[in-house]
Amino acid sequence: MPELPEVETTVRAINKFENEKLVAVIIHNRNLRWKVDKTIEKKIVNKKITKISRRAKYILIQFEDLYIMLHLGMSGNLRIQRNNNNHFKKHDHAEFVFKDEKIIFNDVRRFGSIHLTKNPFDHELIKVLGIEPLSNQFNEDYLYEVCKNSNLEIKKILMDQRKIVGVGNIYASESLFLSRISPERIGKKLSIKDCSNLSNSIKKVLKEAIKMGGTTLKDFYSADGNQGYFKIKLNVYGKDGQLCNSCNNIITKKIIGQRSTFMCSKCQN
DNA sequence: CTGAGATCCTGTCTGC
DNA sequence: TGCAGACAGGATCTCA
């Protein structure tokens, strides 16, 4: 489910809990992508959240002396629910309870995770991450550096979180369409001009998607219960067999790096 | 070091 | 209907 725009949307929805004190923590299932730390409940309960932010696809919740990091994996999401509402859903794995409301972590496939850490920026999963695509460091020069010696398809490069973070399967296909570059183009064949187009397209697509609250294909909901409306702006993702908006050619699907990839072979070279 | 492929898990949809 | 198989927004691990 969640790529950078969906995670960012989720972070904005739970931001209101900054400066609130956690009054209870309940972990129903510790068997997520990684086992949830057994001491997490007692280490964060009764502590105040000082900051909620995002790094790549991780949600960082800072307390006075430590952090928890959440990753939503493929199917995870958070939902805010009033404490007097006792409705639970299948696959609700954790509850973070505040005075009036709680944040519930739900994840059907359990590819998501919850980590406890003193400093996320020293955490092994965070340390290996590449740069943020919406930062100034991400530009044509950076992308060119990353591509110029690579024999991999550009789509694989874009989705490699060690190089660029936050871009997943939807936004990789969409950015490549916007920049008219084929997902199959080999990294080293990209010119600086291509990298300029592509880096700009990535920023544009991600910013627009954030503005629309992310993309809901089927089960992404932000923590406030809203779905994301970027789906109506998708040009190629999930549209194989349909006509390209730009040239009326048929959009095709192809597996690249074990992931479905959508493109217009007439517009993209 | 690189890169390809398997793998974790549950649910839904398609085709026979 | 039933059932097998493919596929789904991610990312790590193993092996060549």
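Note on naming: letters A, B, ... go to the chains in the order of the sequence lines (proteins, then strands), and numbering restarts at 1 for each one. The analysis underlying the following values was restricted to heavy atoms, covering all of them including side chains, and did not include hydrogens, waters or symmetry mates.
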### Message
Here's a test of your reading of the structure: between A:V108 and A:K163, which maps to the more 5' nucleotide of DNA chain B?
### Response
A:K163

### Query
Heavy atoms under 4.0 Å, any strand shown: does A:K231 hit a base, just sugar-phosphate, or nothing?
nothing

### Task
Just call it for A:T216: base, sugar-phosphate, or nothing, with non-hydrogen atoms closer than 4.0 Å on any strand.
base

### Query
Is there a donor-acceptor pair under 3.5 Å between the side chain of A:E18 and the backbone N or O of A:I52?
yes

### Query
Do A:Q258 and B:dA4 share a donor-acceptor pair, side chain to base, under 3.5 Å?
no

### Task
May I have the distance from A:N29 (atom CG) to B:dT10 (atom C1'), rounded to whole angstrom?
12 Å

### Nearest-Å distance for atom pair CZ/P, residues A:F262 and C:dC7
11 Å

### Task
Describe the nucleic acid contact of A:Q161 in one word from base, sugar-phosphate, nothing, applying a heavy-atom distance below 4.0 Å.
sugar-phosphate

### Separation of atom CG in A:D219 from atom C1' in B:dC9, rounded to whole Å
14 Å

### Query
Side chain of A:M74: nearest nucleotide among B:dG3, C:dT12, C:dG10?
C:dG10

### Query
Take atom NZ in A:K47; do more than 12 heavy atoms of anything else shown fall under 6.0 Å from it?
yes

### Message
On DNA chain B, does the nearest nucleotide to A:R110 precede the nearest nucleotide to A:S150 from the 5' side, or the other way round? Give the residue.
### Response
A:S150

### Query
Can you tell which of C:dG10, B:dG11, B:dA4 lies closest to the side chain of A:K156?
B:dA4

